[in-house]
Amino acid sequence: RIMKFGVIIFPGSNCDRDTVSALENISGSSVEIIWHKATVLPKVDCIVLPGGFSYGDYLRAGAIARFSPVMQAVVEYANSAGSVVGICNGFQILMEAGLLPGAMLVNRHLRFISKMSIMKVVNYTTKYTNQYHENQVIRMPIAHYEGNYYTDPETLERLKSENRIVFRYCDENGDCTDEANPNGALFNIAGIINSGGNVLGMMPHFERAAESILGSADGKHLILSIMESLNDK
């Protein structure tokens, strides 16, 4: 069956239309746009929190959006095994809401970064990566000021042991070197998943890499992966 996506819009979201367009073009279905003041989610198969600067990134990225009325519904949806993806600012919001561990620090060079990034698929067995292969090197754009992932040593070890690190920044050969790390993220982490495997947070923008004319079509396989996981049910 054709799956249904929902994209949440916060004040300051600026990647929502790109996300809706990519999801519609790849999935072939319409996308439900959900305003941040909504208290009930429509019936969808996957919720996406897009990138941008929700509430102007005041205090810190995602800190205010976490208290939007819609987030209580998102937390309940995630806790009931609903599929949730946070892109860039969406990832930051998911951490602020406690759905993913860790925090985002300011990029180590103290500058906003906007460029194509290279990363590898560390875990290709998730519902978001089943259309990639193990350690596949892919390209997606990044655009952030606070993308320097950090967590405590115990949580990092848990993420490693539970195979919850999904994407890591690397060079073209797939080596996760410090030189290949664009923002200083701990262990070159670009994306992680929760213990239930249903909540994904990632800094790179897959919606900006959904077709070759954009410089990379690697992002479309993430959407196809979600569709495949639905068809497996």
Hey, is the main chain of Val199 close enough, under 3.5 Å, to the side chain of Asn194 for a donor-acceptor pair? yes

I need the full list of salt bridge (charged side-chain N to carboxylate O under 4.0 Å, His left out) pairs touching residues 144-155, with sequence neighbours left out, sorted by first then second residue. none

Is a side-chain donor-acceptor pair under 3.5 Å present for Ser225 with Lys127? no

Is the terminal nitrogen or CZ of Lys160 (NZ for Lys, CZ for Arg) located under 6.0 angstrom from the six-membered ring centre of Phe187 and within 45° of that ring's axis? yes

Which heavy-atom pair separates Pro42 from Ile34 by the least distance, and what is that distance? CD-CD1, 3.7 Å

Let me know which of Ile192, Leu222, Leu200, Ile189 forms a side-chain contact (heavy atoms from CB on, under 4.5 Å) with Val166. Leu200

Where is the tightest heavy-atom contact between Ala65 and Ile93, given as atom of each residue plus distance? CB-CD1, 3.6 Å

Between the main-chain N or O of Glu76 and the side-chain N or O of Ser80, is there a donor-acceptor pair closer than 3.5 Å? yes

Taking Ser114 for its side chain and Ala143 for its backbone only, find out whether a donor-acceptor pair lies under 3.5 Å. no

Are Met104 and His144 close enough that some pair of their side-chain heavy atoms sits under 4.5 Å apart? no

By ring pair (Phe, Tyr, Trp, His ring centres under 6.0 Å) - contacts of Tyr149 (at least two apart): none

Once you round to the nearest 0.5 Å, how far does CZ of Phe10 lie from CZ of Arg66? 11.0 Å

Any Val85 side-chain heavy atom under 4.5 Å of Ile47 side chain: no

State yes or no: do Tyr124 and Ile223 share one hydrophobic cluster built from I, L, V, M, F, W and Y residues joined by side-chain heavy-atom distances below 4.5 Å, directly or via other members? yes

Hphob cluster co-occupancy, Phe53 + Ile142, side-chain heavy atoms under 4.5 angstrom: no

Do Arg111 and Tyr145 meet the cation-pi criteria used here (NZ or CZ under 6.0 Å from the six-membered ring centre, within 45° of the axis)? no

In Å and rounded to the nearest 0.5 Å, what is the CE to CD distance from Met140 to Glu207? 9.5 Å

Please confirm whether the backbone N or O of Thr125 pairs with a side-chain atom of Asn123, one donor and one acceptor, at under 3.5 Å? yes

So does Glu162 have more than 12 non-hydrogen atoms from other groups sitting under 6.0 Å from CD? yes

Separation of Asn188 CG from Phe167 CZ (nearest 0.5 Å): 14.5 Å

Working for side-chain contact (heavy atoms from CB on, under 4.5 Å), residues His205 and Cys15: CA-CA 9 Å; His205 289 260; Cys15 304; 3.6 Å; yes

Measuring only between side-chain heavy atoms, which start at C-beta, is Val122 closer than 4.5 Å to Arg164? no

Does Ile226 reach the side chain of Tyr128, with side-chain heavy atoms less than 4.5 Å apart? yes

Give a yes or no on whether the backbone of Leu23 and the side-chain of Ser27 come within a donor-acceptor separation of less than 3.5 Å. yes

What pair of heavy atoms forms the shortest contact from Cys170 to Cys176, and how long is it? CB-SG, 3.9 Å

Has Asp45 got a side-chain atom pairing as donor or acceptor with Phe5's backbone, closer than 3.5 angstrom? no

Nearest heavy-atom contact between Gln92 and Met203 is NE2-CE, 4.0 Å

Which residues satisfy the ring pair (Phe, Tyr, Trp, His ring centres under 6.0 Å) test with His221, sequence neighbours excluded? Tyr132

Within the structure provided, determine whether Gln131 and Met227 are in side-chain contact (heavy-atom separation under 4.5 Å). no

So, using side chain to side chain donor-acceptor pair (under 3.5 Å) as the criterion, who are the partners of Asp178 when residues are at least two apart? Arg108

If you group Ile, Leu, Val, Met, Phe, Trp and Tyr by side-chain heavy-atom gaps below 4.5 Å, do Met202 and Leu105 land in one group? no

Nearest non-hydrogen partners of Ala210 and Lys220, listed with the distance: O-CB, 3.6 Å

Applying side-chain contact (heavy atoms from CB on, under 4.5 Å), run through Lys4 and Cys46 and close with a yes or a no. CA-CA 7 Å; Lys4 184 85 168 179; Cys46 181; over 6 Å; no

Crowded around Tyr58 OH? As in, over 12 foreign heavy atoms under 6.0 Å? no

Is there a side-chain contact between Met95 and Pro101 in this structure, where contact means two heavy atoms from C-beta onward sitting under 4.5 Å apart? no

Residues Tyr169 and Ala180: closest non-hydrogen pair is CB-O, 3.6 Å

Output yes when a side-chain donor or acceptor of Asp18 lies under 3.5 Å from a complementary backbone atom of Arg208, and no otherwise. no

Between Ser117 and Pro141, is there a donor-acceptor pair closer than 3.5 Å when you use the side chain of the first and the backbone of the second? no

If you group Ile, Leu, Val, Met, Phe, Trp and Tyr by side-chain heavy-atom gaps below 4.5 Å, do Val44 and Leu94 land in one group? yes

Euclidean distance, Ile8 CD1 relative to Leu49 CG, rounded to 0.5 Å: 4.5 Å

Asn181 side-chain N/O to Asn183 backbone N/O, donor-acceptor pair under 3.5 Å: yes

Leu99 reachable from Leu156 in the ILVMFWY side-chain graph, under 4.5 Å edges: yes

Taking Asn89 for its side chain and Pro50 for its backbone only, find out whether a donor-acceptor pair lies under 3.5 Å. no

So do Arg158 and Ser195 actually touch side chain to side chain, heavy atoms under 4.5 Å? no

With ILVMFWY side chains joined below 4.5 Å, transitively, what does Val137's cluster contain besides itself? Ile118

Any side-chain hydrogen bond (donor to acceptor under 3.5 Å, both in side chains) involving residues 32-44? Give me the pairs, sequence neighbours left out, ordered by first then second residue. His36-Tyr55

If we only count heavy atoms from C-beta on, is the Val121 to His133 side-chain gap below 4.5 Å? no

